[in-house]
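Values in this document were obtained by computation on a predicted structure and should not be read as measured data. Count residues from 1 along the sequence. Worth knowing before you read on, the calculation uses all heavy atoms, side chains too, and leaves out hydrogens, waters and symmetry mates. Both counts, for ligands and for their atoms, begin at 1 and track the order of listing.
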Amino acid sequence: MLDPFGRRARKIIEDFGGIEAFLERIPGYVDVEEVLERVTWENKPPENVLNAEEWKDLMTFYALLGALALSPYGFEMELVRDKNAEIYLTKLRKAETLEDISLRVKSVSDGEIPEKDRMILEKSRYRELGEEERKRLRIEYKMWLRHFIPLWEGSLKDVYIRNSWAYLRREEVLSLWTKAFEKNLERAVNVLYDVRDDLPEFYSILRERLAEIAREKFKERIEAIGSTGSQPLRPDLFPPCIKKALSGVSSGMRNYAITVLLTSFLSYARICPNPPRRNVRIKDCIGDLSIIEREILPLIIEAGNRCKPPLFEDQPNEIKNIWYHLGFGFTERPSLEDSGNSTWYFPPNCDKIRANAPALCKPDKYCRGIKNPLTYYLRRLYLERKEGGE
Ligand code: SF4
């Protein structure tokens, strides 16, 4: 398989009955160790991975995406992204044509570029150029500007553009493909996030193993940031719905915005942004209640007080409901041991928020493709880590 997001891959997945059905079938065909071969190599991808049959290549790759859906935007995602981009790039470099990849590039036909322009672009008059260099300079592909611009990070002055097509060398296509691969991987993980609770146990086991490998591989970076779990909150990276809830809302939305949304979002974002399994309890993640009492509850209470009318003035019992949503049962003064008396509510998905409190959802550019406010937050942390170091 040359591109796991290309036309051919989509067709195979459709033949299995769609992505969910495909993921359900994967554990019957490949085991965890085979999947992990894709991310445990050093220096260059192993031959058996590069030469795997199409179905096996696709299954081992999508198995990793299923595991990432349980834990998006962590170091595991970096590991899967980098190792698999390299696997596919190695194959693409040997491929005869790049026309089948997900980028929608087309080969340039003879005479399409005026000879004078081609001579300049490919430096045909430079006699001293070797064969390799001539090949590298050859303008082989074109891409429709509408598809090209969102992926191109350089200046348009550096590209030969004609009749709404950008004309490209092979290496330029591969560099654009790498960016598209990353976007497609993120998009796929977000789609799978919606079905993560229905995925077979296989994916939880795989996720655990991936986390171990990522912890070892990124040991120094993880030590530099302290931990990948419980972390200080970054309100500047909160999604618009959470910022709106924090600023206080009107009476019709108060209970939903404060007790349901804010309580679940702030507690998971602060204590356990990437829960290791379903039904996790707060006492599995922290050793005492100080984080909740000193950092999370004050934010929730202040947001409640900003509501019109203030939430806790006319509904003092709502504090007990907040503890209930944190998993301590309906109580005012719980101890850590009470954690698990009720369910620790996970932040509702975006479609639920839009249905229950449409005024909270004012999406910004980072909301694109996002299914849950917590994933939004993890994505912003991931992008920041990627763009600006730790
Ligand atoms: S799209 Fe989701 S994360 Fe973004 S504002 Fe709406 S509910 Fe919040």
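Residues Tyr167 and Glu112 have side chains that bring a donor and an acceptor to within less than 3.5 angstrom of each other. Gln315 and Asn255 share a donor-acceptor pair across their side chains, judged by distance under 3.5 Å alone.
Every atom of ligand 1 is numbered from 1 in the order shown, and the set under 4.0 Å from a heavy atom of Pro239 is 3 (S). Taking every non-hydrogen atom of Arg354 and a distance limit under 4.0 Å, the qualifying atoms of ligand 1 come out as 1 (S).
Proximity of Lys244 to ligand 1 is not established, as no heavy-atom distance is less than 4.0 Å.
Coordination check, Cys241 versus atom 2 (Fe) of ligand 1: failed, since every N/O/S atom of the residue sits at 2.8 Å or beyond. Atom 4 (Fe) of ligand 1 has no N, O or S atom of Cys350 inside 2.8 Å of it.
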task: Apply ring-ring contact (aromatic ring centres under 6.0 Å, His included) to Tyr268 and Trp344, showing your working.
output: CA-CA 9 Å; Tyr268 273 94; Trp344 181 14; 3.9 Å; yes
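A side-chain donor-acceptor contact under 3.5 Å links Ser267 to the backbone of Ser264. No side-chain donor-acceptor contact under 3.5 Å links Asn190 to the backbone of Arg187.
Ring geometry for Tyr345 versus Tyr324: interplanar angle of 30 to 60°, hence tilted.
Using a 4.0 Å cut-off between heavy atoms, Cys361 contacts ligand 1 through both its backbone and its side chain.
Closest to atom 4 (Fe) of ligand 1, if we only count protein heavy atoms, is Cys367 SG, 2.4 Å.
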